[in-house]
Amino acid sequence: MKVRIGISTTDKLLEIEIADAKSFQKVMERALAEGGVGWFTDSKGRTVGIPARSVAFIEMEDSGEGHAVGFAPAV
């Protein structure tokens, strides 16, 4: 699953791949409630710390769905 996190103090967007959406949601909800840091290991093996106070938004997308791209035949 692809997760995009908007950072409120900058125009940067953090994008990570995660395996377990429920676990990610629980960790982020706890970090947001406590004002702490959510720590994750993404699908590439990178460890990422996300300070809850800097989160503007979280967007989750199932990477298995994919995006269709169509092309019309040339005339």
Side-chain angles (χ1 to χ4, degrees):
M1 172 159 293
K2 187 180 295 186
V3 176
R4 285 180 286 280
I5 302 167
I7 307 300
S8 61
T9 56
T10 181
D11 61 353
K12 300 241 182 212
L13 186 68
L14 176 62
E15 187 171 295
I16 59 174
E17 285 279 335
I18 59 168
D20 185 2
K22 293 287 185 193
S23 174
F24 174 82
Q25 287 174 324
K26 285 180 183 177
V27 170
M28 280 309 297
E29 286 172 1
R30 186 175 33 234
L32 290 167
E34 297 172 359
V37 176
W39 286 98
F40 307 94
T41 301
D42 71 3
S43 62
K44 296 180 181 179
R46 299 177 296 184
T47 300
V48 179
I50 303 167
R53 68 181 180 280
S54 298
V55 174
F57 69 89
I58 300 172
E59 179 180 289
M60 299 175 74
E61 175 184 319
D62 187 4
S63 54
E65 290 179 5
H67 298 282
V69 177
F71 296 94
V75 233

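Side-chain N or O atoms of Ser54 include none that pairs as donor or acceptor with a backbone N or O of Ser8 at under 3.5 Å.
Cluster annotation: Trp39 and Leu14 are assigned to distinct hydrophobic clusters (Ile/Leu/Val/Met/Phe/Trp/Tyr, side-chain heavy-atom contacts under 4.5 Å, transitive). No continuous path of ILVMFWY side-chain contacts below 4.5 Å connects Met60 to Leu13, so the two sit in separate hydrophobic clusters.
To the nearest 0.5 angstrom, Thr9 atom OG1 is 8.5 Å from Arg53 atom CZ. In this structure, the separation between CG on Asp20 and OG1 on Thr41 is 12.5 Å, given to the nearest 0.5 Å. Note that the CD atom of Glu15 and the NZ atom of Lys2 stand 4.5 Å from one another [nearest 0.5 Å].
The nearest pair of heavy atoms linking Ala21 to Met1 is CB-SD, 3.6 Å. Residues Ala31 and Ala52 share a closest heavy-atom pair of O-CB, 3.2 Å.
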Step by step, work out the side chain to side chain contact (heavy atoms under 4.5 Å, CB included) result for Val3 and Phe40.
CA-CA 12 Å; Val3 176; Phe40 307 94; over 6 Å; no

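Sequence neighbours left out, not one pair with a member in residues 25-34 passes side chain to side chain donor-acceptor pair (under 3.5 Å).
The number of heavy atoms from other shown groups lying within 6.0 Å of CZ (Arg4) is above 12.
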